[in-house]
Amino acid sequence: MSNRGKKIVLAASTSESSEYLSSTWRQMLLGTLPSRYSRFPFYMIDVDWRNETLSDGQAVAVPNGLRVVESLLLEKFSPDDVVVCYPDQLDLFVGEDTRVVGVHAHNPLGITFATDVYVHFYGKKTEPINAAEFKRLITHPAIKKHKNHLKVIVGGPGSWQIEKKNLQDEWGIDCIVEGEAEDLVVDLFERALRGESLPRRIEGQSPAMEHIPTTKNRSTFGVVEITRGCGRGCQFCSIALRKGRSLPLEHILENVRVQVANGAETITITTEDLFLYEQGPKFETNVPALKKMLKSITEVPGVKNIMLTHGTISPIVRNPELLEELSPYAVGSSIHTHPASTHPDKRYASLFVGLETGSTRLFNQFMKGKAYPYKAEQWHDVVLKGMELMNRHNWFPFATFIVGLPGETEDDTKRSLDLLHALKDSKWVVIPTLFVPLEDTRMEAKESAKLAKLTELQWEFFFTCWRYNIDFYRSDPSFQRRFNLGIPIYYYMMGRRLFGKQMKYPLLRLAHFPESYLSRRLYLNLDEPSRMKVPEAVEIPQPKMRPAIPELVD
Ligand code: B12
Ligand code: SF4
């Protein structure tokens, strides 16, 4: 029997759709682990894991961006003509009648920050699982077989990576969509259905909020958006100049209900900055609105847990009462637990927080809006105070730092190390990433930082972060003993050759070598107390002294 297929087939890769062990952390690992070592038991990943499908073979959960595209198309086309699937089911849906395959790309080649770093520890020619899975999708035989009568359109936050690596033609992609797609999807797909030629690349602009549809089906990790944009102006970030805007509460709750109706028990409340939600002028946090939103989501029947995504730290310092108000929901319904939590069920709220650097000079140059209303010179105090407040309320942030910002000097790295030292006993995860110039940012023409060029101080920063994480998350002695043994073996078998001797002593800190031995060589001595103290309060500068808010694009 010949398979006629569906007119419009939407697909996302297996790894980008995965809800494996309900762990966002593990999905992030899929973006960084080399595919050829994925069976190594250390990673605790079952590579034979299969994403769940519906009885007709469609996908149960795919990244939220693709669900938005699906909803836009369903406003125009019959549900009989639109399907959403994983690569393994493409054979069921791509056939003679198919005219367009729309593919989502979150991080298709793994060349964004963090992913671009960790995979290289395994050698120069390694490909992360995400990249291997995306290739398996885009080069799928069913698409190739029917390519003469269908168009391939790729969109999503990582679609730029395909252009950057010149893979558009090799992979037979007719059109790459960058940016937000609400205002262009229907027209583009209609043109594809008519068999017209498509632009090679098209860039979407921020839509009016009313143009963002509610979703109709489940997104990976029950992602529900609450805001779009940000506006704090960090130069390395692609949404820096897009003003932060909130989705109406009823729209948010409708999406939550859809997630639950389709089997999600955990809702991931998605935003660039939680504290932007219904904010007032000049990033004034709207605590009552935030509280109402969190409360309403946790009260939707069927919602068992929530996860948070990103947030900035300065609103927490500016409004210390904020965490007290939000914690009953953010911590009380959180899916995350850790023995260090003082919550009766050991729950903690995780929040992705970009701390980025301890150098006031680099902070001032590249990201001063992040601290608003505080000044760059107050960044250390803001971070220390914010961390203390968060930890006190059982918020254990997932913090990122950028190593190798353009022009970073030894003194800049030392300032970051000083800040890291002062955060030693915090309850957190700290992820060092290397600077990557993302497309559509004001730093896109700058050079990436390279692992092979890191200085000893930068390596010290890098591995001190991981030493903290190992101590906080994998404190069982038998794991640590094996880990400590493996590190010198890695150094002599591979690390030294790939990255040079400058990584040696920093790496030995990760292996728990005594500080008395390491401090002869390294900048910090973790046995000594930090010179920095958490301030009682951080004073908000007079309006005239605050950093200028960057010019916003709507
Ligand atoms: C939720 C989320 C996650 C979740 C869930 C991811 C998932 N696979 O479902 C978790 C935490 C697991 C995650 C992980 C990672 N993420 Co993430 N994630 C997000 C977040 C916060 C929200 C995504 C979202 O739903 N946005 C709302 C939707 C509507 O936007 P959208 O996806 O961009 O979709 C729009 C357009 O892109 C377009 N579109 C999307 N798909 C398609 C398809 C077609 C055919 C078309 C035409 C258009 C189109 O239309 C949509 C409507 O406008 C974004 C930040 C953000 N606010 O977008 C980061 C973000 C996308 N993630 C990012 C990164 C870097 C990662 C990681 C690589 C992190 C890491 N370093 O380890 C991993 C990769 C994991 C993986 N296996 O893919 C970056 C991407 C940067 C880049 N691409 O270069 C972002 C932008 C965060 C940031 N500011 O840096 N992520
Ligand atoms: S605070 Fe900076 S890095 Fe974060 S989303 Fe806003 S502009 Fe981007």
Side-chain angles (χ1 to χ4, degrees), residues 10-18 24 27-28 30-32 61-72 84 102-116 128-131 133-135 137-138 153-165 167-168 171 173 175-185 188 201-207 212 215 219-221 223-231 234-242 244-245 247 268-273 276 309-310 352 354 400 402 433 435-444 448 553:
L10 301 176
S13 81
T14 313
S15 65
E16 292 187 357
S17 307
S18 171
T24 48
Q27 203 202 96
M28 288 167 138
L30 296 176
T32 54
V62 293
N64 173 51
L66 196 63
R67 287 300 186 201
V68 172
V69 171
E70 177 194 24
S71 291
L72 292 164
V84 180
V103 174
H104 174 84
H106 200 93
N107 183 25
L109 294 163
I111 54 170
T112 188
F113 38 83
T115 40
D116 198 31
I129 295 175
N130 244 10
E133 285 298 317
F134 188 83
K135 201 194 302 167
L137 161 58
I138 202 77
I153 301 175
V154 178
S159 58
W160 61 271
Q161 299 178 7
I162 297 166
E163 253 197 310
K164 181 141 187 151
K165 290 284 171 183
L167 285 163
Q168 182 166 6
W171 283 348
I173 299 168
C175 175
I176 291 184
V177 178
E178 285 181 20
E180 292 158 272
E182 277 77 2
D183 291 338
L184 60 82
V185 155
L188 188 67
R201 176 185 184 274
I202 185 164
E203 187 160 340
Q205 303 302 324
S206 293
I212 301 177
T215 47
S219 51
T220 302
F221 295 121
V223 163
V224 168
E225 272 190 288
I226 59 164
T227 64
R228 281 265 172 109
C230 169
C234 304
Q235 293 191 17
F236 51 83
C237 171
S238 53
I239 30 145
L241 295 179
R242 289 189 212 148
R245 294 170 301 169
L247 284 149
T268 303
I269 300 174
T270 297
T271 167
E272 299 303 341
D273 178 2
L276 287 179
T309 61
H310 301 73
F352 296 98
T400 48
I402 307 176
T433 66
F435 172 71
V436 176
L438 297 183
E439 295 268 306
D440 289 331
T441 68
R442 279 166 293 159
M443 292 171 83
E444 68 180 349
S448 306
V553 183

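In this chain, numbering begins with 1 at the start of the sequence shown.
- Under the rule for a side chain to side chain contact (heavy atoms under 4.5 Å, CB included), the partners of T268 that lie at least two apart in sequence or sit in another chain are F221, V223, T270, M307, T309.
- In this structure, S17 and P63 have side chains that are in contact, with non-hydrogen atoms separated by less than 4.5 Å.
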Pair R245-S206, side chain to side chain contact (heavy atoms under 4.5 Å, CB included): steps then yes or no: CA-CA 10 Å; R245 294 170 301 169; S206 293; 3.4 Å; yes
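- Contacts of T220 classified as side chain to side chain donor-acceptor pair (under 3.5 Å), with partners at least two apart in sequence or in another chain: none.
- E178 and S159 share no donor-acceptor pair across their side chains, judged by distance under 3.5 Å alone.
- In this structure, the side chains of L167 and F134 stay at 4.5 Å or more apart for every pair of heavy atoms.
- Annotation for V154 and A105: closest pair CG1-CB, 3.9 Å, computed over non-hydrogen atoms.
- With sequence neighbours excluded, the residues satisfying side chain to side chain donor-acceptor pair (under 3.5 Å) with E225 are R228.
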Checking R242 against E180 for the salt bridge (charged side-chain N to carboxylate O under 4.0 Å, His left out) test, could you report, in this order, the C-alpha distance in whole Å, the side-chain angles of both residues, the deciding distance, and whether it holds? CA-CA 11 Å; R242 289 189 212 148; E180 292 158 272; 2.9 Å; yes
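- Separating the CG atom in L438 from the CD atom in Q161 is a distance of 8.5 Å, to the nearest 0.5 Å.
- With contacts defined as side-chain heavy-atom distances shorter than 4.5 Å, the pair C230/H310 does not qualify.
- S71 approaches T215 most closely through the heavy-atom pair OG-CA, 3.3 Å.
- The two residues V436 and S448 make their nearest non-hydrogen contact at CA-OG, 4.5 Å.
- Here the straight-line distance linking atom CG of L10 with atom CD1 of I153 works out to 9.5 Å at 0.5 Å rounding.
- Taking OG1 of T271 as the reference point, atom CD1 of I226 lies at 4.5 Å (rounded to 0.5 Å).
- Separation of atoms CD (E444) and CZ (F236) is listed at 15.0 Å; rounding is to 0.5 Å.
- The heavy-atom pair separating I212 from P207 by the smallest distance is CG1-CG, 4.0 Å.
- Partners of N64 according to the side chain to side chain donor-acceptor pair (under 3.5 Å) rule, which considers only residues two or more places apart in sequence or in another chain, do not exist here.
- Contact detail for N130 and S15: the closest heavy-atom pair is OD1-OG, 2.5 Å.
- By the side chain to side chain donor-acceptor pair (under 3.5 Å) test, Q168 is found to be paired with R200, residues two or more places apart in sequence or in another chain being considered.
- Of the inter-residue distances, the one linking S238 atom OG with M443 atom CE reads 13.0 Å to the nearest 0.5 angstrom.
- W160 is listed as a side-chain neighbour of I111, based on a closest heavy-atom distance under 4.5 Å.
- Evaluation of the side chain to side chain contact (heavy atoms under 4.5 Å, CB included) rule for H106 yields E16, H104, P157 as partners, not counting sequence neighbours.
- In this structure, the side chains of L72 and E182 come closer than 4.5 Å at one or more pairs of heavy atoms.
- Here the closest non-hydrogen pair linking V62 and R67 is CG2-NE, 3.5 Å.
- Two residues are said to be in side-chain contact when any heavy atoms from C-beta on lie closer than 4.5 Å; I138 and I162 fail this criterion.
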